Every structure is written in structure tokens, then in C-alpha cells.
Amino acid sequence: MNPSTSPVLETRSLTKRFRRIVALDSVDLAVHPGEVFALLGSNGSGKSTTFRLLLNIYRPTSGDSTLLGVPSTRLNGTTLEKVGYISEGQKMPQWMSVARFLDYCAGFYPEWDAELCRDLVNRFGLTLTQKIRHLSRGQRMKLSLASTLPAHPRLLLLDEPFSGLDVETRAALSGLLRTLALDSGLAIVITTHDVEEIEPVATRLGILRQGKLVVNESLQDYLGRHRFLNSTDDFTDPLPEELARDVKTTRTAAGAVVKFTDAYSADLEGRLRSGLPSATGVTFSPMTLREILAAHALPWS
Amino acid sequence: MKTIVHLLKKDLTRYAWAIVLLALLGAIEIYLHGTDAGLLETPANQILTSLVMIVGPILFFIVIVMVVQEETLADPDAYWLARPISRGSLLAEKMIFVLLLILVGTVSEAVVLILNGGSSRLGFALLGVIPALAMWNWQIFLAAQTRSLARYLLLAVSIFVGFYGLMFASIFLARAIPFSLIEQIALLPRTTPRHLLILIQSVFWLSAGIGILLHLYRTRRILRSWLLLAGALLGSAILSPSDSMFGLAGYTDPSHRSERLKLDHIRLPNPFQVNGEDYVECEAVLDSNDASLAPDARVTIVSSQLNSGGATYPFESKPFSQKQMAGPDGKRTISLGTMKRSELDKITSPIELLAHYEITLSTEIESGRLDLHRGSGYHGNGDRLAVRSASLAERRLHVTLAGVVAKHGWEPKQVESRSEAYDGRFSFTLVRKDGSGTPSDFRIPSFQTSLGTIREATSEATLPEGAKLDDYEIVVHTRQLIQNSHDFIHTKEVKLVKP
């Protein structure tokens, strides 16, 4: 991420209500070139609505957003040439063959990279003569990618891109996204329930809960401040108040009670050792993103 | 522009089959309306007519919905929403596609016009594209808001039912208050020429339609677009003639007048037989003081009946477009129709006559001749006539004609008859080919519009003993109507003079 560059995507107090339901509640967001922003949240938390507001498919109830510096409500063909959007349920012309669809999409983009398109088709194992209506869900997702990435977008919005993909392709896609972000400065916003796939790729994390953006920070920082607390014996003494605030308890899927902190630092480690003499042999171990989300009871799927 | 062409290429490829099919239907229409053979009643022609009549509009309707729904506005997951396709370009492409479909139909209409000798009216036919596009814009409007043909049909039926429900509610519950309100806001004078009204309404609806569609495509705000449509309806009502909220549909012909004929008595001059049954022709002898009927006027009996002893005796074969005849004592007569002798014998005094008629005044010029054999044809000024059948039995000549008349809304409207065959554009005289004998007015006692725009007219006449079909021909006169009028005769005690 390079915060000195202007953001390719920005929202300010973006809000969307559907009658009485608040789908998105005053979301502030900025994504810069080269960033891979993972937007997590349970079903109905407002992830897809965010994308639709950004792309002017929905109109915001209040607030505003810009894509590549252009207000979403004024998006035109020229701006959309530099924005790629892939959604899980995207409806493509069923009657077209893979080749025809790719050819058709190519006609809309002046900087279409035919070589990259061919490469993606080969990498994804797509059959050019096959009709779209005969493609599986995963194959459609691959086709969406193959029809979007060759346009060399500056911003890529991916709504559940791993959905329906086999393990091998997920890994390949993960790698491809990382390369694109690093090499060409492509900004990627990605919503997914597959936190394992996104963890190695994402540079920043956002978590939506009931339309509110409850987490929005660097993934590295987020992972860095979360640690499991491992101890050879149980803490029998009650934690001093200033430590109790930072050490939390959660239950694993197996039902075991474990302690963790979301404010890990060398200072915390020192304070713990000095403030709680009974806690001998305390060690801190890193948490995976899935473990963190589970520990916070944050719904990601 | 590049985007429009790109989208258009895709839709043309996708729906090439529909365009080919519409072009084929257009070619069939050219054959049916632009050749004498097409006007004949044959099983093949009937199938082709049904095909053009049924398949054509349905295909047109469905293709437009499908093309628009290829890139529907209603689906937030539609592929095109995230592609560099501006919504204005998308709308323009859809409108161009609809225009191409309309042009396929217009071209066939233009070819028919040329084949029927109406090249001078070609401009009016081509201008028909404008109101057609204005009308089909609404198909785009509805289709763009729905995701599938089934949903479109549901919406269209709901609107149709809702509209008529509202109309009926206005009439029965609100005592037509909305109608009178709208009538009051209409600004145009009631005598505004019809072609001028079509021009005003077409241009208005085309502009309003494009404006509302642009708003819908750019903002996808459905409610606001419908409100704009309601505003456009109000605008259209303001641009209507002051005597009608329905504008063109309720257009009043300024040439309309009322002429009340005065009856002296009914006489029964011409008995004849058909299939062993005796018939008589009933003639109304007009009062000699009645000067309202011009000598060269044509009278069409729309309906006529005698009432006697509480029973009704309708006339059969009511004559269309007849000239007055010289009756006894120099009084003029017109035929009321024919009646079976057996029916007539039942009638006793007092006799009541009810007759509704139309009178037309015109200039007539001879423009062609038809032999009395199947397939003989005439065409001119965009119209075409052909003899479907001609037969002679027991001196009774029976001729069936088929015809198409060209009508274009943009043309300055001429006076026309709503009761006569072919709108009163033609009159016919039966003459001997060798020029001997007296030409007789060949009346058209009945006509009907068969499937499509082909209109069939049948006529009968009694020929002299020994006459042959080949001895006679029909002279076609083209009429230029100057005036038409409607009225009725209601005489309670009619004098019936039996021979």
C-alpha cells in the first residue's frame, strides 16, 4: 500500500437502506493502488451491497463513493474500462460460447490483452467451444476472470471469487491476485468466506457486521496484535484490571477454553509477567485469521 | 458509437433468425397485397395470411422484449452492469434494433405501395416509421424493467387490467369526472386535421418516450420514470382535440353532416328467384319535396327493417353505395334491400320502417376495368382489387371482389365513408363489353374484412336472358369523397305498394 497515492476507491459515510432495513451504515473506506482489501462479513452483512453502490447499480441513501476519482453516480464507459467486477451470481449471456463471450468482451476494452486472455483460458482449462449455459459454477467464475483480467483494470472488485472453485484453482487464483497486485499495482477488493485463501493475499482487512464496518486495518497489524496466551498452569489469580481489559477468553470448536489478546505487544508481555506472578511459563503464539474471527465470534460465513 | 455498433452486432447475430423470419413474412405480405394472385382465396393464401397476421406481430413483440432483456435494468447481477457500456449507448442500441425491425415491415409496405401503383404516396408510408417507433418505445420501457418474458407479460397484463379497471371505475363510480376533466384541458381545436394530430402526437410521444427511457436507463429509478410517463399522458391529453380525451381515436371528421330523408312510400319493383326462393327488392320512394339529397349522391343503407304486428322483418342484402334511381312520377328512389316474398306476405298494416343510412357526395373517374373471371385485377394509387369469383346462375350474377386499400396516417385525411366497401374509394358499373345496353350501377351489398387487411366485397345483379359472363365487365371508378352524412328514417305508417 502506498497511502501517498490517491485512493482508487473511496467511500464517505456510505449508507443504503432498503425500506426499514439498513444494508450499509455509514461506511468510510479508502483503497489504494496495490492494496488487496479483504472485505469479510456474514451473509447479508452488506458486502455485495457495497459493490453495487460502488458500481452505481444501487443508489446510496446517503453518503457517496468514488471509483478512480469518479463519483459512482457518474460512472461512464471510460471509467468502467479500468474497473473489473466479478460477482458470484453474475448472469452472462447463456447462448454464447466461451470463445464468443471473450471475443465479445474484448470489443469493449481498448487495451485488451489477448495473450493474457489465452493464457488464462489455458490455465483455467476452459473449453472455447463450450456454451456458457453448460458451464459449471466454478467454470463460470473462471470465465468471468478470463473476461475481466485481460482488460488490465486498475481496480478489481471480486465478490466471492473462490466460490465453486476447486482447491487447485483457488490456490492458483490466490497466487495470480497477489502477483497482479504486486507487479502492476492493481487494487483489489475481495469479499469471501474463504479466509484461508485470502489470508496470504490480503494486505488489509475490513469486516462488516450488520452493515457497519467494524474492522478496517492492515491485515499484518490485525494479525500482529492477536495472540493466543499459552500457559503451563491456569491463571488462578484474578487478572489486574489493566490486564483483564487486554486478555480475553474464548472457546474452541472442541469446547476448550483458551485465552487470547487483541492488543499484543512486547509491553503487554512484560506487564503480564510482572503483574501476574502466578502465571508462570506464559507464552504467546500467533493466531490465524480464522482463529481470530472465531475468537471474536465475528461471523464470516 | 463503437459500443453501440458492438452491441448491435451482437444482437443482430443473436436474433438474425427473427430478422430473416420477419423479412420472409414481409415478402409474403408483398405477395398477398401487392399481386392479384395474392388476393385470391386459396388454401395457400389463407395459410399465408394467417401466418402474416398471427406470427408477425407475436414475433415482433417477443423479439423486442428478448432483445431489451438481454441487457435488462432489472437484474443487479446482469453481466453488462460492470462492463464499459454506458447506459445511454445501451438505450440507443436497443432503439436502433427496434427501428431496424420496424424498417423490415415498412420496406414491405413500401414495396406493396409501389406494386400497387402508389409510388407518389411512398413518403407517407416511410414516415410511418416515426409513430411506430414512438409506440414501440413503450415496449422497451416495460421490457427493460423486467427480467424475463413471463414477468414482462405479467406486468403488461397487470397494466392493461389496471388501466381498464380505472376507466370503468371512472365511468361508474366517479361519473366520468376524470374524462370531463381531461376533456377540459385539451387545447387543440376539434377541427385540427388528422394528419396534423398524428404529427403532433408522434413527435410528442417520440420525444417524451426517449426522455423517459433515458431517465430510466441512466438512473434506474422506476417510480420516477412512471411518474414522468403520467406527466407525458397529461401532456398528450393537452395536445388533443378539445372534443376527445382519446385524441386520435375520438377524432371527429369535420366533413360530417346530417341529412334526414323524407319517405313517400315503399314499392316492390323487381321480383327474382334464387335457388327456387322468390325474393323482392324493396325501394323507398322519396318525397318529391325532399331537396336535401343531391342528384349524384350515393346512399348506403347501414341497417333497415320493417316492423309489423309486433314482429320485425329485416331486409337482406342491403345495398351499399347506390345511386338514386328515377321512380314513378319523377320521384327518386333508393333500394332498402331485398326480402323473401314469403316474409313480405306476412306483413300487414300498419307498417313501421326503420332505416339508418349514410350519404356520400363525390367526384368519380373511371380508372380501370375488371373482367368477370377469377384473378382479373386492377391496381392504382396504392390500392388493388381482384375478382375472387364470378358466377352466373338463373340470370343472377354473383361477383366477389377482394381488395386492399392503402392508408397512411400522415396523409392529409380525405373524407371517407365508414359504411361503404373500401371506405367509399370505389364505385363500380356493370357494362357490356361491346358497349351496347345501359351501364348499370353495380352495388356492393356486403363486405367484410377477412384476415389481415384484405377486404372482401360481394355483389349481385340480375342480367338479361341469355347473357354470358364474358359479355360483361366491371368498370372501376375511383371516387374522391367530398362530404358524408349519416341519419335515419323512422316512419310509423309506411305505405307499401305491392305490384
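This one's a predicted model, so the numbers in the text were calculated from it and none came from an experiment. Worth knowing before you read on, the calculation uses all heavy atoms, side chains too, and leaves out hydrogens, waters and symmetry mates.
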Q) Could you go step by step and tell me if B:Asp77 and A:Arg52 meet the side-chain contact (heavy atoms from CB on, under 4.5 Å) rule? A) CA-CA 9 Å; B:Asp77 287 321; A:Arg52 288 172 183 175; 2.8 Å; yes
Which portion of [X] sits near chain B, non-hydrogen atoms under 4.5 angstrom:
{"X": "A:Thr148", "answer": "both"}
{"X": "A:Ser147", "answer": "both"}
{"X": "A:Asn56", "answer": "both"}

Nearest 0.5 Å, please: how far is [atom2] in [Y] from [atom1] in [X]?
{"X": "A:Phe108", "Y": "B:Thr3", "atom1": "CZ", "atom2": "OG1", "result": "6.5 Å"}
{"X": "A:Leu75", "Y": "B:Ser86", "atom1": "CG", "atom2": "OG", "result": "11.5 Å"}
{"X": "B:Ile85", "Y": "A:Asn76", "atom1": "CD1", "atom2": "CG", "result": "13.0 Å"}
{"X": "A:Trp95", "Y": "B:Thr13", "atom1": "CH2", "atom2": "OG1", "result": "6.5 Å"}
{"X": "B:Trp80", "Y": "A:Lys91", "atom1": "CH2", "atom2": "NZ", "result": "13.5 Å"}
{"X": "B:Asp75", "Y": "A:Ile57", "atom1": "CG", "atom2": "CD1", "result": "9.5 Å"}

Q) Is there a side chain to side chain donor-acceptor pair (under 3.5 Å) between B:Arg83 and A:Tyr109 once you walk through the steps? A) CA-CA 9 Å; B:Arg83 301 282 172 185; A:Tyr109 299 96; 3.2 Å; yes
(Q) Can you classify the ring geometry of A:Tyr104 versus B:His6 as parallel (below 30°), tilted (30 to 60°) or perpendicular (above 60°)? (A)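 Parallel: the ring planes of A:Tyr104 and B:His6 meet at under 30°.
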**Q.** CZ (A:Arg140) with more than 12 external heavy atoms under 6.0 Å
**A.**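 More than 12 within 6.0 Å, yes.
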Q.
Taking atom CD as the centre, does A:Glu160 end up with more than 12 heavy-atom neighbours from other residues, nucleotides or ligands that are less than 6.0 angstrom away?
A.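 It does: A:Glu160 CD has more than 12 such atoms within range.
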Q. In terms of heavy-atom pairs under 4.5 Å, which option from A:Lys82, A:Gln90, A:Arg100 contacts chain B the most?
A.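 Greatest number of close heavy-atom pairs with chain B: A:Gln90.
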Q | B:Lys2 portion near chain A, given a 4.5 angstrom heavy-atom threshold | A |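 Side chain only.
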Q: Answer with side chain, backbone, both or neither: which region of B:Arg87 has an atom nearer than 4.5 Å to a non-hydrogen atom of chain A?
A: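 It is the side chain, since no backbone atom gets that close.
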(Q) Whether B:Lys10 and A:Asp103 form a salt bridge (side-chain N of Lys/Arg under 4.0 Å from carboxylate O of Asp/Glu) is what I want to check. (A)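 No, A:Asp103 and B:Lys10 are not salt-bridged.
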